Every structure is written in C-alpha cells, then in structure tokens.
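The block underneath contains the structure these notes are about, expressed in structure tokens.
Counting starts at 1 for both ligands and their atoms, following the listed order. Numbers here simply count residues along the sequence, with the first being 1. Fair warning: this is a prediction, and the values are worked out from it, not measured in the lab.
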Amino acid sequence: MHKKVVLLPGDGIGLEVIHAAKDVLEAIASQFNHTFEFETHLIGGSAIDTEGTPLPDHTVEACQRADAVLLGAVGGPKWDQLPSHLRPEKGLLGIRKALDLFANLRPIKGFPTLLHASPLKEEVVTGSDLLIVRELTGGLYFGQPSERRDNNQTVVDTLAYTRHEIERIVDKAFQSAQLRRGHLTSVDKANVLESSKLWREVVEEKKINYPDVKVEHLLVDAAAMKLITNPTSFDVIVTENMFGDILSDEASVLTGSLGMLPSASLREDGVGLYEPVHGSAPDIAGQGIANPLAMILSAALMLRHSFGLNEEARRMEEAVEHVLERGYHTRDLHILNGMVVGTEEMTKLVVDFIYSLSSSEVTK
Ligand SMILES: NC(=O)c1ccc[n+]([C@@H]2O[C@H](COP(=O)([O-])OP(=O)(O)OC[C@H]3O[C@@H](n4cnc5c(N)ncnc54)[C@H](O)[C@@H]3O)[C@@H](O)[C@H]2O)c1
C-alpha cells in the first residue's frame with residue numbers, strides 16, 4: 001500500500017513526538033511492505049514565526065492532497081499575547097474545519113502497568129477500554145452567533161443539528177463498535193432537548209443496519225456518573241459535540257496519564273487528522289524527555305481508520321504495551337520498579353519490537 005502522510009509537528013514537544021511516530025511508521029512500512037510518503041508543513045506558533053499566520057495556505061493544500069495528517073501539538077507562552085485571530089490554536093481549528101473533520105474518536109485504555117497512577121481505585125479502572133465518538137462540527141459550538149440582548153441581561157446560544165449530521169456520526173459509531181466489542185452507548189439528554197430526541201430517533205433507525213451491535217441509550221448525567229463508577233461497562237460511546245467534549249476529558253483521567261492518549265478526527269471519506277490529546281508541553285520541550293506514546297498510538301489509529309490496516313495498527317499498539325510491560329517508561333509515567341527512558345530511547349524500544357516480529361507474524 002502506498003499512502004501520502006502530511007506531518008504537522010507544530011510547536012514544543014510536537015516536533016519531538018512527531019519524529020517518533022514517523023520512525024515507528026517506517027518500521028511498520030518495512031515489515032508489512034507498505035510505502036508511506038511523508039511531507040512536513042508548518043502550523044501554529046512556528047508558522048506564525050516564519051510566515052506570519054498560524055495556518056499557511058501551503059499547509060492546507062498539502063493536507064487536502066494527503067491521505068492522512070499527523071499533528072504534534074500547537075501553542076506556547078511565546079504566542080500567548082497575540083490577538084486571538086493570530087493565536088496558534090487558530091491553526092488547529094482552521095485545519096479541522098478546512099478538512100471537514102466531523103468525527104472525533106478518542107480511545108481510552110487502561111494499560112495494566114499504569115493503572116496504579118489513576119485517581120480512581122485500581123479495581124474500578126482495571127480492564128477499562130472504551131472509545132468516545134464525538135460529533136465535532138455541529139451543535140452548540142457551531143450554532144447561530146451567540147447574542148447578548150437586553151443590555152447584557154439575556155444571552156442566547158443555539159444548539160442546532162441536521163439529520164444528516166447526526167446520521168453520519170451515528171454510522172461512524174456503529175462501524176467503530178463493529179470493529180470492537182459490538183456494544184454502543186448513545187448518550188443524550190432526550191428527556192429535555194429536542195436535538196437529543198432526534199438523535200435518539202436516528203440511533204433507533206440506524207440500529208437495524210447493524211444487527212451485530214447491541215445498543216443502549218443513556219442520559220448524559222447518568223453517563224458522567226457511570227464513567228467513573230463503572231468504566232469497564234462501556235465499549236463505544238457516541239454523543240454530540242458539547243457532551244463529548246466534557247465526557248472525553250472526564251474519561252481521560254481514567255488512564256492516569258495525558259502522555260498516553262491518542263485521538264482521531266475524521267472526514268466522511270476516511271481522511272483523518274491524528275493527534276495526541278496532550279498539548280505542546282513547553283515546560284519540557286527540547287529536553288528529549290517527552291512521552292512519544294500518545295503520538296505513536298495516534299499513528300496506529302491512522303493505520304486503522306484511514307488506511308484500513310487493522311493488523312498493522314494492532315501490532316503498533318502491542319509494541320507500546322510490550323515496552324511498558326517490560327518496565328520502560330518516560331518521566332511523566334510511573335511504573336513500580338520501572339526504568340526511565342527519554343523520547344528517543346522509548347521510540348527505539350517500540351521500533352525494535354516491530355522489527356522483532358517474525359515473518360510468520362506479519363502478513364506481507
Ligand atoms: N491539541 C493541541 O495542540 C493542544 C492541546 C492542549 C494544549 N495545547 C497548548 O499547549 C500549551 C501547553 O498547554 P498545557 O500545559 O495546558 O497542556 P500540556 O498538555 O501541554 O501539558 C500539561 C502537562 O503535562 C505534561 N505533558 C503533556 N504531554 C506530555 C508528554 N507527551 N510527555 C510528558 N509530559 C507531558 C507537560 O509537561 C505539562 O506538565 C498551551 O499553549 C496550550 O494552548 C495544545
């Protein structure tokens with residue numbers, strides 16, 4: 001398979017972790033007989049410094065021609081005082097919009113060696129492995145422009161969804177559940193909101209097309225509670241934009257480390273942008289100590305969701321798990337009796353595992 005991948009390192013540790021993902025993808029390409037063609041472009045603060053804009057046209061054009069995009073992170077104190085239209089984050093929002101990325105996927109998996117660092121009791125989080133599918137381009141954050149009326153005494157934000165917007169995210173969630181354990185929880189507020197009633201209707205209509213997926217509906221308040229009392233009861237959660245924003249951050253603490261969480265933002269044709277959940281970590285940038293695993297796991301999502309390379313994705317995830325099980329970890333993690341390594345060494349350990357797969361384990 002030949003695929004074009006645009007790399008957007010961005011700022012801070014983005015540069016270090018994107019290197020790591022590229023090295024691991026090259027190992028996968030070599031072992032499984034694929035070619036990944038990489039092209040690097042500017043975004044965020046580094047683009048502001050060299051081109052005066054957080055999202056240069058050439059970056060957008062390259063991403064539009066690509067099969068997938070890997071993004072490190074943007075931002076840092078250097079650019080905090082700039083006017084809002086010039087902030088690094090504008091580059092990120094701009095590229096998501098330019099590519100029409102409507103589906104945000106966040107897998108949250110508790111790695112056994114790290115669970116003791118979770119703020120929840122180990123017995124509660126053990127075995128948690130869930131995927132949040134969040135609608136990303138509709139709802140409250142994209143309604144009519146917000147309004148202040150009556151001399152600041154009334155404010156109005158609008159929550160609008162079209163049937164099409166709901167259908168495409170619900171389809172994506174059913175398909176994701178088919179690739180996993182076949183259980184879908186649709187989260188809404190159908191006892192109050194009209195948009196949630198339509199959401200629930202669409203899920204009910206769609207489930208006929210996915211007889212292998214078991215569906216349940218849950219109100220968002222109950223879902224928030226169940227996520228921390230019984231996280232292992234979830235497989236795939238699908239929800240609208242704002243509920244997804246809140247629930248995905250809540251769920252991200254389950255694993256006990258920001259440096260382990262990948263994400264994918266997808267378009268209808270499967271083109272996607274893949275990035276770690278963490279930011280540019282200016283406090284540790286350039287020191288060679290950043291945890292590259294969230295970025296590597298994001299690249300694994302790219303293989304699975306944009307290229308359909310499920311076996312290769314699984315091998316990358318297995319490599320990460322294997323390295324942690326052997327006790328290696330970066331400084332942000334804690335493993336009992338473990339060994340601290342830097343970004344490059346951690347990457348090499350993952351790469352070495354992939355090269356160690358025998359020919360019978362890789363289907364070329
Ligand atoms: N998607 C993005 O590009 C994105 C997301 C969040 C924040 N940001 C930006 O990043 C900058 C810093 O934000 P922040 O400090 O709130 O969040 P952050 O995620 O960058 O860092 C929070 C803390 O976690 C640590 N950390 C994060 N990722 C790590 C990794 N891979 N390895 C080791 N340690 C890691 C950092 O050192 C820091 O102590 C800000 O400019 C913010 O706007 C960007």
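Only the side chain of E89 comes within 4.0 Å of ligand 1, counting heavy atoms alone; its backbone N, CA, C and O stay farther away. Both the backbone and the side chain of N291 come within 4.0 Å of ligand 1, counting heavy atoms alone. With a 4.0 Å heavy-atom cut-off, ligand 1 is reached by no atom of R331. Under 4.0 angstrom from ligand 1, the non-hydrogen atoms of V74 come from both its backbone and its side chain.
For atom 6 (C) of ligand 1, the closest non-hydrogen atom on the protein side is G279 CA, 3.5 Å. Scanning the protein for heavy atoms near atom 35 (C) of ligand 1, the closest one is I284 CD1, 4.1 Å. Nearest protein neighbour of atom 22 (C) of ligand 1, counting heavy atoms only, is L258 CD2, 4.1 Å. Of the protein's non-hydrogen atoms, the one nearest atom 20 (O) of ligand 1 is A281 N, 2.8 Å. Looking from atom 15 (O) of ligand 1 to the surrounding protein, the closest heavy atom is P282 CD, 4.7 Å. Counting protein heavy atoms only, atom 2 (C) of ligand 1 is closest to L92 CD2, 3.8 Å.
Of the listed options D283, L71, L261, D283 places a heavy atom closest to atom 36 (C) of ligand 1. Nearest residue to atom 10 (O) of ligand 1 from P77, G75, G10, S280 is S280 (criterion: closest heavy atom).
With salt bridges taken as basic N to acidic carboxylate O contacts below 4.0 Å, none links K78 and D11. Under 4.0 Å is where a charged nitrogen must lie from a carboxylate oxygen, and between K197 and E194 at least one such pair does. A salt bridge between E312 and R315 is absent, with no side-chain N of the basic residue lying under 4.0 Å from a carboxylate O of the acidic one.
Each of the atoms 1 (N) of ligand 1 lies under 4.0 Å from some heavy atom of E275. Using a 4.0 Å cut-off to heavy atoms of A73, the atoms of ligand 1 that qualify are 3 (O). Counting atoms of ligand 1 from 1 in the listed order, those under 4.0 Å from a heavy atom of I13 are 28 (N), 29 (C), 30 (C), 31 (N).
Of the possible polar contacts, one joining the S118 side chain to the L254 backbone as a donor-acceptor pair under 3.5 Å is found. Using a distance-only test at 3.5 Å, with no hydrogens or angles considered, no donor-acceptor pair links the side chain of E250 to the main chain of S252.
The N/O atoms of G259, backbone and side chain alike, include none that comes under 3.5 Å of an N/O atom in ligand 1. For ligand 1, the polar-atom distance check finds no N/O of D80 at less than 3.5 Å from any of the ligand's N/O atoms. Between P276 and ligand 1, a contact under 3.5 Å exists for no N or O pair. Checked against a 3.5 angstrom limit, the closest N/O atoms of A290 and ligand 1 fall outside it.
Taking Y210 as the reference, F174 meet the ring-ring contact (aromatic ring centres under 6.0 Å, His included) condition, with sequence neighbours excluded.
Checking atom 13 (O) of ligand 1 against the protein gives no heavy-atom contact under 4.0 Å. For atom 28 (N) of ligand 1, a protein heavy-atom neighbour is present inside the 4.0 Å cut-off. Distance check for atom 33 (C) of ligand 1: a protein heavy atom is found below 4.0 Å.
Using a 4.0 angstrom heavy-atom cutoff, G76 counts as in contact with ligand 1.
Between H58 and H41, the ring-plane angle classifies as tilted under the 30° and 60° cut-offs.
The shortest side-chain heavy-atom distance between E321 and P112 falls under the 4.5 Å cut-off. Side-chain contact between I169 and W199: present, with at least one pair of heavy atoms (C-beta onward) separated by less than 4.5 Å.
Residues H116 and I335 share a closest heavy-atom pair of NE2-CA, 4.0 Å. Here the closest heavy-atom approach between residue D188 and residue A190 is recorded as OD1-N, 3.1 Å.
Cation-pi geometry between K226 and F234 is satisfied (NZ or CZ under 6.0 Å from the ring centre, within 45° of the ring normal).
Screening L120, I228, T232 for a side chain to side chain contact (heavy atoms under 4.5 Å, CB included) involving V125 leaves a single residue, L120.
The salt bridge (Lys or Arg N to Asp or Glu O under 4.0 Å) contacts involving residues 257-273 comprise R168-E268, R267-D269, where partners must be two or more places apart or lie in separate chains.
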